[in-house]
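Residue numbers start from 1 in every chain, and the chains themselves are labelled A, B, ... in the order their sequence lines are given, proteins ahead of strands.
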Amino acid sequence: MRWEDRSCVLESGSTYLDVKKAFGWKNDVLMVGEGDEARELRAQLTGSCSVVPLTFDDERARWALRHTAAHILAQAVKRLRPEAKLAIGPAIEDGFYYDFDVPTPFTPEDLEKIEAEMKKIVSENLPVVREEIDRESARKLFRDMDEPYKEELLEELPEGEPISLYRQGEFVDLCRGPHAVSTGMVKAFKLLSVAGAYWRGDEKLPMLQRIYGTAFVKQEDLKAHLDRLEEIKKRDHRRLGKELDLFSIQEEGGPGLVYWHPKGALIREIIENFWREEHRKKGYDIVYSPHIAKLELWKTSGHWNWYKDNMYSPMAVEEVEYLLKPMNCPFHILMFKNATRSYRDLPMRMGELGTVYRFERSGVLHGALRVRGFTQDDAHLFCTPEQLEDEIVGVLDLTQYMLGVFGYSEYYCMLSVRDPEDKAKYAGDDSVWEMGEAALAAALKRKNLEYKIDLGEAKFYGPAIDIKIKDALGRLWQGPTIQVDFNLPERFDISYIGEDGAKHRPVMIHRTVLGSMERFVAGLVEHYAGAFPLWLSPTQVAVIPVSEKQAEYALKVTEALKERGFRVDCDLGAEKMGYKIRQAQLQKVPYMLIVGAREAENGTVSVRHRSLGDLGSFALEEFMARAGEEARAKALLPLMGRSEKE
RNA sequence: GCCAGCGUAGCUCAGUGGUAGAGCAGCGGUUUCGUAAACCGCAGGCCAUGGGUUCGAAUCCCUUCGCUGGCUCCA
């Protein structure tokens with residue numbers, strides 16, 4: 001065995017535990033890396049080779065530890081509620097869960113008791129031992145134990161693969177592994193929540209009780225993780241949306257419908273103006289379309305067939321049935337169709353901030369992120385098949401630029417394609433799907449963007465690029481999507497006249513950059529933790545007089561700022577200055593201008609930034625020039641640092 | 001939609017069978033203040049909703065609505 005420049009000789013039948021001992025590795029070693037493989041410590045050596053110790057930092061070791069934590073959870077539940085039937089219990093991103101079928105659901109108090117029992121199991125430091133058995137004995141074992149879900153899982157294991165069990169003390173589970181050596185390794189863990197979850201994620205199957213938890217080797221890592229959860233809570237757009245008075249959802253008006261308050265509406269307006277500007281630069285025509293249309297139109301488009309579950313019931317208008325739009329595409333197609341189009345008109349890029357309404361089941365609504373009425377930054381590009389790839393690249397360019405302005409610089413691209421098992425869910429024949437997928441893939445390649453293939457994620461009318469953006473906390477959000485569609489042009493029989501004078505069928509791209517205004521702004525709130533960069537801040541500057549005596553000067557400063565296009569609040573209330581600063585700070589106003597006798601005399605302002613604090617005094621003109629530049633440049637960070645001045 | 005939890009003043013929350021409370025916000029005063037909360041007073045609630053149990057319900061039980069965490073589904 002070799003490790004770095006050291007080596008040791010071990011007898012055959014030794015395990016990686018012996019390797020660990022031989023090299024004197026510390027106790028935080030969870031697994032051993034051997035080439036590309038990660039081995040659990042109790043595994044037998046496969047031969048002579050070079051190895052590396054794997055600790056919690058290694059993803060595989062982390063998953064093994066959390067998987068062991070899941071087993072400890074199951075063991076604790078079995079001790080406290082022997083009648084519980086075990087389903088599955090995997091490690092997941094940031095933690096683990098285990099699903100149980102229990103006659104009465106778990107309560108939060110149960111969670112505490114289970115956690116206490118788990119602590120006991122950890123302190124018992126039970127060895128976690130792998131065992132391989134044949135199918136028949138496994139079948140008998142789980143039948144005797146009365147674990148029907150395990151039996152079901154067992155039957156699905158492919159023939160010929162070894163069937164493995166893991167035992168710790170009295171507990172045994174059907175499991176592929178790998179695991180930590182003993183329950184004692186799971187030093188820091190916490191159960192986080194209980195939730196219902198369908199067996200196999202199928203709502204027709206029984207609902208099980210799922211317990212979520214997380215586990216670490218070190219207590220401080222657990223604490224850091226819990227702090228992060230706190231931070232996520234603090235940034236929650238629902239909380240900040242209320243605190244900053246950006247938007248609300250009114251019970252009297254109905255769930256999933258967003259009310260944009262003046263400050264939120266202002267942010268949205270600024271973003272929309274930016275959006276229009278950038279789209280015009282890129283050769284888009286901006287349009288408006290109605291909110292309802294005849295049922296017949298939705299039959300033609302195929303929505304009535306493929307998208308019915310997400311649409312609201314028809315309403316009768318003079319005995320003709322109309323539907324509220326869940327998408328903008330049919331309207332844009334009608335506008336395309338309204339004139340004879342020449343190849344010279346293509347590509348045609350039709351953009352709209354279009355408000356659509358979709359039925360979402362009550363349980364899925366979530367703040368402004370998942371709602372029933374929302375405004376998409378939608379566009380439909382009509383082009384020739386030859387132009388398709390270039391157009392996709394153009395959309396990717398626009399996307400990258402716009403996201404960058406908001407500070408989203410990392411993203412993951414997914415190529416969403418049909419589920420080959422379930423072609424009935426999609427419209428159109430194989431050849432057009434293949435053409436679409438090829439164009440999307442080629443565009444991604446040209447942009448040097450790495451991507452993963454996402455089976456079954458395509459829309460009903462075509463394949464798509466779905467881009468996930470990473471926010472300030474490293475969380476992924478559904479961002480831009482670009483969909484190729486050969487199907488709707490066919491259904492609406494749209495055409496353009498080619499160079500040859502004959503009719504040809506254009507290709508269509510559906511695309512959105514921001515997604516929806518509701519979701520995008522909610523995402524931004526969390527991304528910025530409510531502290532919008534200057535160009536987006538509803539209030540950019542708060543003018544705060546030191547005392548009433550400077551009210552006149554404060555108003556003069558305010559007027560000057562307004563004149564220069566700043567969004568300003570002047571706080572002339574009877575409160576003390578400290579109070580006003582606090583209010584502005586809590587509202588996350590970027591700049592506070594404190595004006596007292598000194599400033600009034602010299603025509604200056606004392607500048608305080610919400611995150612940099614007191615920046616000293618500036619001539620009003622200088623402040624306006626620099627803050628103006630910061631806003632104009634859409635800077636993500638303040639341009640007025642103290643260091644620069646001194 | 002399903003499972004669980006929750007719903008008390010504009011907001012954040014106390015109150016678990018015996019007369020509805022606090023802080024902040026609001027309003028009225030006093031204070032004119034130098035970088036994150038001045039002081040005094042006033043007002044504010046059909047305890048989400050409808051029903052039941054009880055001498056008596058914010059509190060216990062059921063209904064409906066909404067919210068939260070998940071499952072399933074999505075911009």
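- Residue contacts for A:K580: at a heavy-atom cut-off of 4.0 Å it reaches no nucleic acid atom on any strand shown.
- Note: CE (A:M577) to C1' (B:rU35) measures 5 Å, nearest angstrom.
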Evaluate A:R238 against A:D236 for salt bridge (charged side-chain N to carboxylate O under 4.0 Å, His left out), listing each step before the verdict.
CA-CA 5 Å; A:R238 290 164 299 183; A:D236 193 307; 2.5 Å; yes
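- Going from the P atom of B:rC13 to that of B:rG69 covers 14 Å, rounded to whole Å.
- With hydrogens and angles left out, the side-chain atoms of A:S289 and A:E352 include a donor and acceptor closer than 3.5 Å.
- Rounded to the nearest Å, the gap between the P atom of B:rC42 and that of B:rG5 is 42 Å.
- Among the heavy atoms of the strands, none lies under 4.0 Å from A:K233.
- For B:rC73, the base has no donor-acceptor partner in the side chain of A:R358 [N/O atoms by modelled type, under 3.5 angstrom].
- Within 4.0 Å of A:R598, counting heavy atoms only, lies at least one base atom of the nucleic acid.
- Nucleotide B:rG23 forms a Watson-Crick or G-U wobble pair with B:rC11, both donor-acceptor distances falling under 3.5 Å.
- For the pair A:K190 and A:L222, the tightest heavy-atom approach, listed with the atom from each and the gap, is CB-CD1, 4.3 Å.
- In this entry B:rG18 has B:rC55 as its Watson-Crick or G-U wobble partner, both defining distances falling under 3.5 Å.
- Checking B:rU32 for Watson-Crick or G-U wobble geometry (two distances, each under 3.5 Å) identifies no partner in any strand.
- Along RNA chain B, the nucleotide nearest to A:K549 and the one nearest to A:Y212 differ in position, and the one closer to the 5' end is contacted by A:K549.
- Closest approach to the A:D614 side chain among B:rU32, B:rG7, B:rU35 is made by B:rU35 (side chain taken as heavy atoms from C-beta onward).
- At whole-Å resolution of the value, CG in A:L205 and P in B:rC3 are 15 Å apart.
- Side-chain proximity of A:P105 to B:rG34, B:rU35, B:rA4: nearest is B:rA4.
- Side chain A:Y198 to base B:rG70: no donor-acceptor pair is found below 3.5 Å.
- A:G363 comes within 4.0 angstrom of a nucleotide base, judged by non-hydrogen atoms across all strands.
- Residue contacts for A:Q585: at a heavy-atom cut-off of 4.0 Å it reaches a base atom on one of the strands shown.
- What separates CG of A:L240 from P of B:rU12 is a distance of 13 Å, to the nearest Å.
- For B:rU59 and B:rU8, the P atoms lie 13 Å apart once the distance is rounded to whole Å.
- The aromatic rings of A:W306 and A:F460 lie parallel to each other, with less than 30° between the two planes, well short of the 60° mark.
- Between A:S362 and A:R200, the one whose closest nucleotide on RNA chain B sits nearer the 5' end is A:S362.
- Atoms CG (A:D236) and C1' (B:rU12) sit 15 Å apart, rounded to a whole Å.
- Nucleotides B:rC60 and B:rU49 are separated by 16 Å at their P atoms, to the nearest Å.
- Of the candidates B:rU72, B:rA75, B:rU31, B:rU31 carries the atom nearest the A:A574 side chain, counting heavy atoms from C-beta on.
- Rounded to a whole angstrom, the distance from the P atom of B:rA57 to that of B:rG29 is 43 Å.
- Here B:rC40 presents its P atom at 13 Å from CD of A:E575, a figure rounded to the nearest Å.
- Look at the C1' atom in both B:rA14 and B:rG50: the space between them is 27 Å, to the nearest Å.
- Both thresholds, 5.5 Å between centres and 30° between ring planes, are met by A:F374 relative to the base of B:rA75, so the two rings are stacked.
- Annotation: B:rG70 and B:rC46 have their C1' atoms spaced 34 Å apart (nearest Å).
- Side chain A:E548 to base B:rU32: a donor-acceptor pair is found below 3.5 Å.
- Counting any heavy atom pair closer than 4.0 Å across all strands shown, A:E360 reaches a base atom.
- For the pair A:R519 and A:W477, the cation-pi test (distance below 6.0 Å, angle within 45°) is failed.
- If you take CD1 of A:I211 and C1' of B:rC3, they are 13 Å apart, rounded to a whole angstrom.
- Pair assignment for B:rC2: B:rG70, on the basis of Watson-Crick or G-U wobble contacts that are both within less than 3.5 Å.
- Considering only the side chain of A:Y579, B:rA37 comes nearest among B:rG66, B:rA37, B:rU12.
- A cation-pi geometry, defined here as NZ or CZ lying under 6.0 Å from the six-membered ring centre and within 45° of its normal, holds between A:R210 and A:Y97.
- In terms of polar N and O atoms assigned as donor or acceptor, the side chain of A:R361 comes within less than 3.5 Å of the base of B:rU72 in a complementary pairing.
- A:K576 has its NZ atom 10 Å from the C1' atom of B:rU32, to the nearest Å.
- Relative to the side chain of A:S193, the nucleotides B:rA75, B:rG69, B:rC33 differ in distance, and B:rG69 lies closest.
- Relative to the side chain of A:V546, the nucleotides B:rA36, B:rG1, B:rC33 differ in distance, and B:rC33 lies closest.
- Counting to the nearest Å, the C1' atom of B:rC67 and the CD atom of A:Q250 are 14 Å from each other.
- When every heavy atom of A:A87 is checked against every heavy atom of A:W199, the shortest pair comes out as CB-CZ3, 3.6 Å.
- Residue A:A197 is classed as a sugar-phosphate contact, given heavy-atom separations below 4.0 Å to backbone atoms only.
- Annotation: B:rC67 and B:rG26 have their P atoms spaced 29 Å apart (nearest Å).
- Listed nucleotides: B:rC33, B:rA75, B:rA36. Nearest to the side chain of A:I581: B:rA36.
- Cation-pi check for A:K325 over A:F331 is met; the charged atom lies under 6.0 angstrom from the ring centroid and within 45 degrees of its normal.
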